[in-house]
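The structure under discussion appears below in the form of structure tokens.
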Amino acid sequence: MTTSIPITRTTHSRLTKELREKSPFGTNYSDHMFVADWHDGEWHDARIVPFSPMSFSPALTAFHYGQALFEGFKAHRTGDGRVAIFRPMANHARLNRTAARLAMPDVPESIFMDGLLELLRTDREWVPHRDGSSLYIRPVYFGTEDSLMVRPANRYRFVIFTSPGGAYFSHPIRLLAEETYVRAFPGGTGSAKAAGNYAGALLAAKLAQAKGYDNVMWLDGKERRYIEESGLMNIMFVINGVAVTPPLSGTILHGITRDSVLTLLSDMKFPVEEHAITVDELAATHAAGTLQEAFGIGTGAIIAPIACIGYQGHDLTIPIGAPDSLATHLRTKLVAIQTGREPDTHNWLVYI
Ligand SMILES: Cc1ncc(COP(=O)(O)O)c(C=O)c1O
């Protein structure tokens, strides 16, 4: 695969300042998308075309047997007017780990990175200017064989499209420790960004929302005791001056924001422990007054302070929003790096 990707430009750009700067998360898409197809053991026809619907057979394998995965990360305008993508290679690596778990072919770097860079150059004007805004990047990869056979598909499509998003105000969230449903279990697909993981999580979130929570806090699949993730994010607690986060045990997603936060904490020489913690142990730290902070960590909100965790009929109320909180510090620091206002000492930015 060479780097020259044919581009069919739209003749009807939808770009307006309003759409670019004021779109709520995930509601509008930029003018173009990158598409590549895999069949006969090879990648074919990498191309940039106007963003548009696609038509498929009702027998599409992804619909029936769930060979479908996605990724999510962001591009920002930097202080000097350039556009930088945050850690795309980490998303590429995670995409291929998910693909391997779902018995799908690797997406080579030449397809992923060249397609991504060319797409962002084509739709550069869609990257928001406002502070806190970004262009969200959504790769999606799925089986496209027209067949009811239960086996890995023999055709696949890989698409990247983008969506401008306004500032994401991460209001403090309320979580409910989920004791009935589980997101993942040992040997399952919990560490993969498989589309099916999200379908399996929707009911629990919906039931938690009906009780006044924003989402669930997932517990482990075997004993329903160990804390795993915060709804759609990784989770971290500050207990007695130590940042505690569940380890990558195989059932939680390897968050790229989590990894970035752990790197920043190590730079700061802030004490960190990656260890399993039960919800009862957490409740005990709350009772002892040593639970100082809790927050979700993920691409969308970056850091989302957790104000409350519901568990067995009681709400544990957690302090939030102090200007000197670790959550505030980490969020400020990460945004400053993503927007080029602080040196990118870990080479996380890829300029388009
Ligand atoms: C289930 C789940 N956990 C964690 C994360 C955080 O991952 P990242 O920091 O790569 O966005 C996400 C978001 O992508 C997620 O969907």
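What's counted below: heavy atoms across the whole structure, side chains too, no hydrogens, waters or symmetry copies. Start at 1 and go down the list; that is how both ligands and their atoms are numbered.
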| request: Answer yes or no: is there an ion pair linking D31 with R14, defined by an N-O contact shorter than 4.0 Å? | output: yes

| remark: A student comparing L253, V261, D259, I256 should find that the heavy atom closest to atom 8 (P) of ligand 1 comes from I256

| request: Any atoms of ligand 1 less than 4.0 Å from a non-hydrogen atom of G255? List them with their elements. | output: 7 (O), 8 (P), 9 (O), 10 (O)

| message | If I apply the N/O under 3.5 Å rule, does R183 come out as touching ligand 1? | response | no

| remark: Excluding L176, membership of its hydrophobic cluster (Ile, Leu, Val, Met, Phe, Trp, Tyr; side-chain heavy atoms within less than 4.5 Å) reads Y213

| said: Looking at non-hydrogen atoms alone, which of I252, T299, I302 comes nearest to atom 11 (O) of ligand 1? | reply: T299

| For atom 15 (C) of ligand 1, what's the nearest protein heavy atom and its distance? | L232 O, 3.2 Å

| request: Please identify which atoms of ligand 1 are closer than 4.0 Å to at least one heavy atom of R94. | output: 7 (O), 8 (P), 10 (O)

| query | Is the number of heavy atoms from other residues, nucleotides or ligands within 6.0 Å of NE2 (H314) greater than 12? | reply | no

| request: Starting from atom 14 (O) of ligand 1, find the nearest protein heavy-atom neighbour and note its residue, name and distance. | output: K193 NZ, 2.7 Å

| Based purely on interatomic distance, does T257 place a nitrogen or oxygen under 3.5 Å from a nitrogen or oxygen of ligand 1? | yes

| query | Residues sharing Y181's hydrophobic cluster, by side-chain heavy-atom contacts under 4.5 Å among ILVMFWY, directly or via others? | reply | L203, L207, V216, W218

| query | Has Y198 got any heavy atom lying under 4.0 angstrom from an atom of ligand 1? | reply | yes

| message | Tell me whether the NZ or CZ atom of R82 lies within the 45° cone about the ring axis of Y351 and under 6.0 Å from its centre. | response | yes

| query | Between F112 and H92, does the ring centroid distance fall short of 6.0 Å? | reply | yes

| task | Please report which non-hydrogen protein atom sits nearest to atom 1 (C) of ligand 1, along with the residue it belongs to and the distance in Å to one decimal place. | result | E229 OE1, 3.4 Å

| Check ion pair E145-R151 (N to O, under 4.0 angstrom) | yes

| Salt bridge present between R155 and D146 (N-O < 4.0 angstrom) | no

| Under 4.0 angstrom from ligand 1, any heavy atom of H254? | no

| Is it the side chain, the backbone, both or neither of I297 that has a heavy atom closer than 4.0 Å to ligand 1? | backbone

